[in-house]
*Asks:* 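Here's a structure for you.
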Amino acid sequence: MKTAIELTQTARRKVDAEGLDDRVAGLVLGEWAQTGDFVELAGDGEALVFIIHARRIRIEADGRQTLVFKLDHPARPVTR
């Protein structure tokens with residue numbers, strides 16, 4: 001199944017501030033990734049850590065399915 005990434009507002013601000021748009025746009029998580037898992041983007045400096053805040057399946061009108069992961073930053077525990 002195809003996967004996609006969405007960011008919370010706070011995660012979007014951090015990605016924009018760090019200039020990581022291209023890295024996040026190219027990020028592909030497998031179906032095995034679960035809510036609460038950490039996603040770490042390592043680089044030259046300090047690693048940027050996100051948490052999978054939510055996941056959902058988006059079904060298009062033509063039947064195509066995409067597993068969408070919503071990332072949050074800072075990585076704080078997911079509440080239900």
*Asks:* Can you name the residues that form a salt bridge (Lys or Arg N to Asp or Glu O under 4.0 Å) with R13, not counting sequence neighbours?
*Replies:* none

*Asks:* Looking at every non-hydrogen atom in both residues, tell me the closest pair between I5 and L27 and how far apart they are.
*Replies:* CG1-O, 3.7 Å

*Asks:* For F50, give me all partners under ring pair (Phe, Tyr, Trp, His ring centres under 6.0 Å), at least two apart in sequence or on another chain.
*Replies:* H73

*Asks:* Which distance, rounded to the nearest 0.5 Å, do you find between the CE of M1 and the CG of L67?
*Replies:* 6.0 Å

*Asks:* Who are the side chain to side chain contact (heavy atoms under 4.5 Å, CB included) partners of R23, not counting sequence neighbours?
*Replies:* L20, L41

*Asks:* If the condition is side-chain hydrogen bond (donor to acceptor under 3.5 Å, both in side chains), which residues does K70 pass it with, not counting sequence neighbours?
*Replies:* none

*Asks:* Going by the rule side-chain hydrogen bond (donor to acceptor under 3.5 Å, both in side chains), which residues pair with T10 if we only count those two or more places apart in sequence or in a different chain?
*Replies:* T8, D72

*Asks:* Would you check, one step at a time, whether the test side-chain contact (heavy atoms from CB on, under 4.5 Å) holds for D21 with R12?
*Replies:* CA-CA 9 Å; D21 291 319; R12 168 55 53 204; 2.8 Å; yes

*Asks:* Report yes if some heavy atom in the side chain of L71 is under 4.5 Å from a heavy atom in the side chain of I51; otherwise report no.
*Replies:* no

*Asks:* Are T3 and T66 close enough that some pair of their side-chain heavy atoms sits under 4.5 Å apart?
*Replies:* no

*Asks:* Please report the shortest heavy-atom distance between A42 and A47, naming the atom on each side.
*Replies:* CA-CB, 4.2 Å

*Asks:* Step by step, would you call V39 with L29 a side-chain contact (heavy atoms from CB on, under 4.5 Å)?
*Replies:* CA-CA 9 Å; V39 177; L29 298 178; 4.2 Å; yes

*Asks:* Using side chain to side chain contact (heavy atoms under 4.5 Å, CB included) as the criterion, list what pairs up with E60, not counting sequence neighbours.
*Replies:* R58, D62, R64

*Asks:* Taking only residues at least two apart or on different chains, which pairs with a member in residues 30-42 satisfy salt bridge (Lys or Arg N to Asp or Glu O under 4.0 Å)?
*Replies:* none

*Asks:* Who pairs with Q34 by side-chain hydrogen bond (donor to acceptor under 3.5 Å, both in side chains), at least two apart in sequence or on another chain?
*Replies:* none

*Asks:* Output every pair passing salt bridge (Lys or Arg N to Asp or Glu O under 4.0 Å) with a member in residues 47-56, not counting sequence neighbours, ordered by first then second residue.
*Replies:* E6-R56

*Asks:* Measuring from Q65:CD to I59:CD1, what's the distance to the nearest 0.5 Å?
*Replies:* 5.0 Å

